[in-house]
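Only one structure is covered here, and it is reproduced in the block below.
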There are 2 protein chains.
Amino acid sequence: MKQPTICPKFEKAISLLSQRWSALVIYQLLSGSQRFSEIQSAIGISGKVLSDRLKDLEHQGVVKREVIPETPVIIEYSLTEKGRSLESVLREIESWSQLWVKTEA
Amino acid sequence: MKQPTICPKFEKAISLLSQRWSALVIYQLLSGSQRFSEIQSAIGISGKVLSDRLKDLEHQGVVKREVIPETPVIIEYSLTEKGRSLESVLREIESWSQLWVKTEA
DNA sequence: TATACTTACTTACATAAAGTAACTAACATT
DNA sequence: AATGTTAGTTACTTTATGTAAGTAAGTATA
């Protein structure tokens, strides 16, 4: 079963953003370029999945990976222009969440 | 590992929207209330997963389920106010996708 | 010199989520 | 009684994610 009447670009965007962790990784990188372990501890993702996601996002042109030959080597991840352009989407989600999401407590 | 420094409301919103299919179901319901099988064929989701998602979304107060005692019985799904308020998020994603997503072809 | 330490991963294995197809309940029609 | 319809559910397979230990490349420490 697969006869979507939905715009393929929109579908692709949705599948990018609803890949688990991807939106959080992008959100995290909105505050500037960061290293693997910084992202990992900021959002609480496993190394394996973070590694997968960063590769995905790099292939989709959302994230850029840069090797800085310091000692020890530093690998910095940052957003491309395409990635930064998702800020408006994430800000929308952020403000929606403040209005509508209740934290049970 | 789990020490997120991220706002819990935002995280919850992200986890709602990055549940696979949820955003597409909500998007589909933006065009008006619909029956199970309509949603199913519009977005190409299996009955099992659609059933799960609709229950989830109902519990989160995003979707409303209404039984209309016609013959045969009609079950209509629609967005609540909370659900409709996600329109801005989905429109952002939609316009982002038009600018940035390339369909390979 | 050997051992330990760091970062950025990868591998192996376990669990959870999603896909597929067949099946069911509650009717109504033929 | 047999068939059809809608809105699901069930059993089973495949895929994705989580967890923990391991690795490579290089530096620092004993």
Side-chain angles (χ1 to χ4, degrees), chain A residues 1-4 6 11-12 14-29 32-60 62-79, chain B residues 1-4 6 11-12 14-29 32-60 62-79:
Chain A
M1 180 191 306
K2 269 274 154 173
Q3 77 281 57
I6 286 179
E11 261 209 304
K12 206 172 167 191
I14 287 288
S15 87
L16 188 154
L17 289 168
S18 57
Q19 185 80 313
R20 190 151 18 176
W21 297 109
S22 289
L24 279 181
V25 169
I26 296 166
Y27 180 78
Q28 183 62 25
L29 289 175
S33 67
Q34 281 162 71
R35 305 172 67 170
F36 193 92
S37 54
E38 290 179 271
I39 303 171
Q40 203 179 347
S41 60
I43 66 179
I45 187 180
S46 75
K48 180 201 161 194
V49 179
L50 179 54
S51 172
D52 286 354
R53 281 310 164 271
L54 288 170
K55 275 177 204 156
D56 265 20
L57 291 171
E58 207 189 336
H59 286 140
Q60 310 221 261
V62 167
V63 160
K64 187 175 48 155
R65 180 183 193 269
E66 225 175 329
V67 178
I68 298 171
E70 307 249 325
T71 174
V73 71
I74 290 177
I75 296 183
E76 285 229 320
Y77 292 94
S78 57
L79 295 176
Chain B
M1 178 190 307
K2 269 273 152 173
Q3 77 279 59
I6 286 178
E11 261 209 304
K12 206 172 165 190
I14 287 287
S15 87
L16 187 155
L17 289 168
S18 58
Q19 184 80 313
R20 190 152 18 175
W21 297 108
S22 288
L24 279 182
V25 169
I26 295 166
Y27 180 79
Q28 184 61 25
L29 289 175
S33 69
Q34 281 162 71
R35 306 171 68 169
F36 192 92
S37 54
E38 289 179 272
I39 303 171
Q40 203 180 346
S41 60
I43 66 180
I45 186 180
S46 74
K48 178 201 163 195
V49 178
L50 180 54
S51 172
D52 286 355
R53 281 308 164 273
L54 288 170
K55 276 178 202 156
D56 264 22
L57 292 171
E58 206 189 338
H59 287 141
Q60 310 221 261
V62 168
V63 160
K64 188 175 47 154
R65 180 183 192 269
E66 226 176 330
V67 179
I68 298 170
E70 307 249 326
T71 177
V73 71
I74 289 178
I75 297 183
E76 285 229 321
Y77 292 95
S78 56
L79 296 176

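All values derive from a computational prediction rather than experimental measurement. Quick note on labels: first sequence line is chain A, next is B, and so on, each numbered from 1.
- With rounding to the nearest 0.5 angstrom, the CG atom of Leu17(A) is 9.0 Å from the OG atom of Ser18(B).
- Taken from CZ in Arg35(B) to CD in Gln40(B), the straight-line distance is 12.5 Å, to the nearest 0.5 Å.
- The CG atom of Leu79(B) sits 9.0 Å away from atom CD of Gln34(B), with the distance rounded to the nearest 0.5 Å.
- Interatomic distance, CD1 of Ile6(A) versus CD1 of Ile43(B), reported as 6.0 Å (0.5 Å rounding).
- Close to dA17(C), at under 4.0 Å from its OP1 or OP2, lies no side-chain N or O of Arg20(A).
- Atoms CZ (Arg53(A)) and P (dC9(C)) sit 15 Å apart, rounded to a whole Å.
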Is there any protein nitrogen or oxygen under 3.5 Å from a nitrogen or oxygen in nucleotides 6-11 of chain D, and what are the pairs?
residue, atom, partner, partner atom, Å
dT6(D), O3', Arg35(B), NH2, 3.1
dA7(D), OP1, Arg35(B), NE, 3.1
dA7(D), OP1, Arg35(B), NH2, 3.4
dA7(D), OP1, Ile75(B), N, 3.3
dA7(D), OP2, Ser37(B), OG, 3.2
dG8(D), OP1, Arg65(B), NH2, 2.8
dG8(D), OP2, Tyr77(B), OH, 2.3
dT9(D), OP1, Lys55(B), NZ, 3.2
dT9(D), OP2, Ser51(B), OG, 2.5
dT9(D), OP2, Lys55(B), NZ, 3.1

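- Considering only side-chain N and O atoms, Trp21(A) lies nowhere under 4.0 angstrom from the phosphate OP1 or OP2 of dA16(D).
- A donor-acceptor distance shorter than 3.5 angstrom exists from the side chain of Arg53(B) to the backbone of Arg20(B), with no hydrogens or angles considered.
- As rounded to whole Å, 16 Å separates atom P of dA21(C) from atom CD1 of Ile45(B).
- At least one donor-acceptor pair under 3.5 Å links the side chain of Ser41(A) to the backbone N or O of Ser37(A).
- Rounding to whole angstrom units, CG of residue Leu50(A) and C1' of dT10(C) are separated by 13 Å.
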